[in-house]
Amino acid sequence: MQPYASVKTTKGFTLIANGTDFEKAFTNFTIRYPVTEITRDMLISFRGKTYTIQYLNNVNEENVELEIQAKEVTL
C-alpha cells in the first residue's frame, strides 16, 4: 500500500470573510488510517514546520482515512 496524505491550509481570504483571527488558522492533514495509534500529544513535522494536533477524526468511522486538524508551532 502506497503512502497517502492530503494537506489543506486555511486561506487568508476565508479567515477574513469569517472574521476569524489568523492565530486560529489550522492546517488539515488527511492520511490513510494508520496502524500505529496517533494521539493529540504527538507533533507533526511537515516541510520544515512543526504542528501540534488539535483534533483527530476517523472519517465516517470507517478506519480508512484519518483527518488531523493541526496548528503550526510558532516561537
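Sequence positions, counted from 1, serve as the residue numbers for this chain.
By the rule that hydrophobic residues join a cluster once side-chain heavy atoms approach within less than 4.5 Å of another member, Val73 and Met42 end up as members of separate clusters. Transitive grouping of hydrophobic side chains (ILVMFWY, heavy atoms separated by less than 4.5 Å) brings Leu56 and Val7 into a common cluster.
Using a 4.5 Å heavy-atom cutoff, the side chains of Ile44 and Thr50 are not in contact. Here the side chains of Tyr33 and Glu65 are not in contact, with every heavy-atom distance at 4.5 Å or above.
Under the 30°/60° scheme for interplanar angles, the aromatic rings of Phe46 and Phe29 are found to stand perpendicular.
Atom-to-atom distance recorded for Ile68:CD1 and Arg40:CZ is 12.5 Å, nearest 0.5 angstrom. The OH atom of Tyr51 lies 11.0 Å from the CG atom of Asn28; values are rounded to the nearest 0.5 Å. Note that OG1 of Thr52 is 10.0 Å distant from CD of Glu72, once rounded to the nearest 0.5 Å.
Heavy-atom minimum distance, Ile38 versus Leu66: CD1-CD2, 3.9 Å.
A 6.0 Å sphere centred on CD of Glu62 holds more than 12 heavy atoms belonging to other residues, nucleotides or ligands.
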